Amino acid sequence: MKFEKLYLLLLPFLLFSCSENRIDSGNWRFRYDTANKGVRVEKNTEELFSGLYASYKLDGEEITSKDYGKRTIKITPFRDDFGNGEVMEIKYTDTELPTLVHLFYVYPEKDYFLTEVVLLASSQEISTNYIAPVVVDNMKPVLPAGDNRALFMPFDNDCWIRYQSHPLTFEALRSYEVTAVFNNETRNGWVIGSVEHDLWKTGIDMKKGDRNNPGALVCYGGVADTLTRDSKVHGSLSGKQIKSPKVLVGYFNDWREGLVVYGKANATVTPRREWSKAVPFGWNSWGALQFDLNYRNATEVSNFFKENLQNNHFVNPDNTVVIWLDSGWNAFTEEELRNFADLCRANGQIPGIYWTPFTDWGRNPERAVLDVPEYTYKDVYLYANGQPQELDGAYAVDPTHPAIEQQMKHISGLFRRTGFEYVKMDFMTHGAMEADSWYLPHMQTGMEAYNYGMKLLDNYFHDMYLNLSISPVFPAQYAQSRRIACDAWNKIKDTEYTLNALSYGWWQDNIYTYNDADHIVLREATEGENRARITSGVITGIYIVGDDFSATGKAAEKDRARRFLTNPKVNAVAQGISFMPVEGNGEQSENQFVLVHDDGSATYAIFNYTENELETTVSLERIGLNSNQSYQAEELWSGMQQTVEGSFTVRVPAKDVLLFNLNLY
């Protein structure tokens, strides 16, 4: 439920409720601490915060809730999509300042609460580009001593950016939309992040504390920097009422479960785009053919899949594969596109295609907009400080401009007319950039304009599967899947890079139906690297390969496909469910991932990214199994089996992987 509706529903209760100024509800205790001028928060009698407060910027000056002369506190029962609870409303007033309303939504049995800030102007409109519902000057020493860490979560997946698990020795750390602060040994930890992504880009800034706990922490709407791909400050919201993003603050026994809960909370606010079919298996042309793609070799690839792979276990549970044309499809005629799609369907396949809706790759301001010749590109650029914005070699275009909507109408019509059902949407971050202005004058922020454009995209492509490639993590409700990292190909470094994102972003299959590990390429790599790269795909989400399987493709690459893409037990692992990391302290990527099944069994993968054999002991308890039970462990690539109990020793060859099914013995 949006705040505005909830606030109106609660208003009568807020006006007439009792004057009690605390919440004692289930796991939670909330008090206003007069000495600290903030909210004291306890969970299960443990103090988490001694003085949590709010802040915002007005005319460039930061103002906090501590600066106000008066406050009133109301406690009211409520119900929303998260459940039943109580809301604490702290209303701060001052004759010289807008009214600040700080709201805490407390659910008795949940491991988190939600909070947000509303600014209310009495007469003239106010304007701000920074508003923080969570400000903590000194984090309490809640985490036990040990291997304590904070996660850097990137805003998007461009430029080969990496997730990072940082020891708490940094001077300052900024994460985007969400972070986790946790002890890797006990797994206790915080998860703090925004669950609304309609207007603001959210930042979480942390400062150095000690080895075991961070110091100050601020979660705020209004971040804009090089890692959000912005060259100017975040846009300002103006009006008589301005609301912050709603933020989840939770303390969990296991930080990994906390991130899953965070993902599900986001999907409560904005449900995932519907999808009733099976996880996509298939092929994408960018893996090898790239701009050599043409009608002839695309049809040859389709036939290769039918004759060599689909009849040998490389199909999804719906018994289909996707044959996906990437960049370069525009060299096809419309007749060739239609004939290709018809061939795919005749071969038991689904035709897929590609588009970049928010870019101009020509970077020619005087050129007529493709398919909308009444406009030139200089009319549709997103300008920052008077200049077109360039990223990845393309200029960003305005998602709110009518020319872009006309392009969506034209392209979706072409794809529908020629029979395409899956579309990879690439370079989406361009549409979320902050700008001097937008075509629609009521747009105020890059995220607001991006949501406008994505809603149009969702409407025009409503009957197609959408896969986002280069894009922000949020908002997530406009596509069924998203590339979990940037481009990855064939080597062990590509596997490690993909698994860096799985290590700390696996939970995103709660906001998208599937995560995407990018095209799996086998050529010019060792057999161990082939096994590792395939495994990285099947434990991440959708299962897309990318070698040249046309008539002129190398026979050795086709032979590898027949050998490595047809293992029935490995392929059965690819259910579209992302595996969870076992640890959270990898310098680059975690190397152990597990999926524990409802029946008490598990599938477990351990990778070796190095040039030397890896020997280690695997604890069943650490990977989530019963250490007192016996399990039949089958390594799926080799077929080797053994009975294990408590722990077992593995030897992973250099640049390779072991993938186990562990079933109760």
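All of these numbers come straight from a predicted model, not from anything done at the bench.
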Is the centre of the F291 ring less than 6.0 Å from the centre of the W286 ring?
yes
Answer yes or no: is there a side-chain heavy-atom contact under 4.5 Å between M425 and L457?
yes
Polar side-chain atom of D509 near backbone of G541 as donor-acceptor pair, under 3.5 Å:
no
Any donor-acceptor pair under 3.5 Å linking the side-chain atoms of Q406 with those of D371?
no
Short side-chain to backbone donor-acceptor contact, T513 and S481, under 3.5 Å:
no
Going through the distances and angles, do H197 and N266 end up as a side-chain hydrogen bond (donor to acceptor under 3.5 Å, both in side chains)?
CA-CA 9 Å; H197 313 277; N266 277 273; 2.7 Å; yes
Are the side chains of L614 and N591 in touch, meaning some heavy atoms are under 4.5 Å apart?
yes
Side chain to side chain, I350 and I323, heavy atoms closer than 4.5 Å:
no
Please determine, by modelled atom types, if Y609 and S589 share a side-chain donor-acceptor pair under 3.5 angstrom.
yes
Pairing residues for F420 by the ring-ring contact (aromatic ring centres under 6.0 Å, His included) criterion, not counting sequence neighbours
none
Decide yes or no on side-chain hydrogen bond (donor to acceptor under 3.5 Å, both in side chains) for Y465 and E421, but give the supporting numbers first.
CA-CA 6 Å; Y465 178 104; E421 301 176 44; over 6 Å; no
How far does CD1 of I484 sit from CD1 of I542, to the nearest 0.5 angstrom?
11.0 Å
Is there a ring-ring contact (aromatic ring centres under 6.0 Å, His included) between W355 and F427? Walk through the geometry before answering.
CA-CA 9 Å; W355 192 38; F427 297 98; over 10 Å; no
Under 3.5 Å, is there a donor-acceptor pair between the W637 and T535 side chains?
yes
How far apart are the closest heavy atoms of T610 and N612, and which atoms are they?
OG1-O, 2.9 Å
I'd like to know if the side chain of R345 reaches the main chain of P351, judged simply by a donor and an acceptor atom lying under 3.5 Å from each other, with no hydrogens or angles considered.
no
Contact check, side chains of E334 and R417, non-hydrogen atoms, under 4.5 Å:
yes
Can you check whether A479's main-chain N or O pairs, donor with acceptor, with D458's side chain at less than 3.5 Å?
no
Without swapping roles, check the side chain of N297 against the backbone of L289 for a donor-acceptor pair under 3.5 Å.
no
Between D426 and T356, do the side chains contain an N or O donor and an N or O acceptor separated by less than 3.5 Å?
no
Does any part of the side chain of E590, heavy atoms only, come nearer than 4.5 Å to the side chain of L499, both counted from C-beta?
no
Count the heavy atoms of every other residue, nucleotide or ligand shown that sit under 6.0 Å from NZ of K491, and state whether that count exceeds 12.
yes
For the pair Y422 and W275, name the ring-plane relationship: parallel under 30°, tilted 30 to 60°, perpendicular over 60°.
perpendicular
Quick one: closest heavy-atom pair of L620 and S627, and the distance?
CB-CA, 4.5 Å
Side chain proximity check, V423 to F461, heavy atoms < 4.5 angstrom
yes
With rounding to the nearest 0.5 angstrom, report the OG1 to CG distance, T498 to N515.
11.5 Å
Going by atom types only, do Q588 and Y497 share a side-chain donor-acceptor pair under 3.5 Å?
no
Calculate, to the nearest 0.5 Å, the distance between atoms CZ and CG belonging to R272 and N510 respectively.
6.5 Å
Contact check, side chains of L595 and M580, non-hydrogen atoms, under 4.5 Å
no
Decide side-chain hydrogen bond (donor to acceptor under 3.5 Å, both in side chains) for E524 and N490; before the verdict, give the C-alpha distance in whole Å, the side-chain angles of both, and the deciding distance to 0.1 Å.
CA-CA 7 Å; E524 299 173 1; N490 55 343; 4.8 Å; no
How far apart are the C-alpha atoms of T429 and D156, what are their side-chain angles, what is the distance that settles it, and do they pass the side-chain hydrogen bond (donor to acceptor under 3.5 Å, both in side chains) test?
CA-CA 7 Å; T429 299; D156 67 7; 3.2 Å; yes
Between S550 and D548, does any side-chain donor sit less than 3.5 Å from a side-chain acceptor?
yes
Nearest heavy-atom contact between R560 and N530 is NH1-OD1, 2.6 Å
Heavy-atom closest pair, residues Q349 and Q310:
NE2-OE1, 2.6 Å
Give the C-alpha distance, both sets of side-chain angles, the deciding distance and a yes or no for ring-ring contact (aromatic ring centres under 6.0 Å, His included) between F304 and F549.
CA-CA 6 Å; F304 177 86; F549 302 126; 4.9 Å; yes
Walk me through whether F415 and W329 qualify under ring-ring contact (aromatic ring centres under 6.0 Å, His included).
CA-CA 11 Å; F415 292 172; W329 66 264; 5.4 Å; yes
Is it true that atom CD of Q641 has more than 12 heavy atoms of other residues, nucleotides or ligands lying nearer than 6.0 Å?
yes
Tell me whether the centres of the aromatic rings in H430 and F358 are closer together than 6.0 Å.
no
May I ask you to check whether Y354 and W324 place their ring centres under 6.0 Å from each other?
no
How close do S630 and E645 get, heavy atom to heavy atom, and via which atoms?
OG-OE1, 2.8 Å
Quick check on E611: does its CD atom have over 12 non-hydrogen neighbours (other residues, nucleotides or ligands) under 6.0 Å away?
no
Is the shortest heavy-atom distance from the side chain of R229 to the side chain of D158 under 4.5 Å?
yes
Rounded to the nearest 0.5 Å, how far does CD of Q480 lie from CG of N467?
9.0 Å
Step through it carefully: locate the ring centre of Y512, locate the ring centre of W507, and say whether they are under 6.0 Å apart.
no
Between R533 (side chain) and H519 (backbone), is there a donor-acceptor pair under 3.5 Å?
yes
Check whether D326 reaches the backbone of S285 with its side chain - one donor and one acceptor, N or O, closer than 3.5 Å.
no
Nearest heavy atoms of M428 and S471, plus distance in Å:
CB-CB, 3.6 Å
Around atom NZ of K558, are there more than 12 heavy atoms of other residues, nucleotides or ligands at under 6.0 Å?
yes
Main-chain N/O of S175 paired to T179 side chain as donor or acceptor, under 3.5 Å
no
Could you tell me whether the side chain of N347 and the main chain of K306 form a donor-acceptor pair under 3.5 Å?
no
Residues in ring-ring contact (aromatic ring centres under 6.0 Å, His included) contact with F281, at least two apart in sequence or another chain
F314, Y543
About how many Å separate CG of L659 and CD1 of I539, when rounded to the nearest 0.5 Å?
7.5 Å
Return yes if some donor-acceptor pair links the side-chain N/O of N157 with the main-chain N/O of S469 below 3.5 Å, else return no.
yes
Can you sort out the partners of Y478 under ring-ring contact (aromatic ring centres under 6.0 Å, His included), two or more places apart, ordered by chain and number?
none
Is a side-chain donor-acceptor pair under 3.5 Å present for Q642 with E635?
no
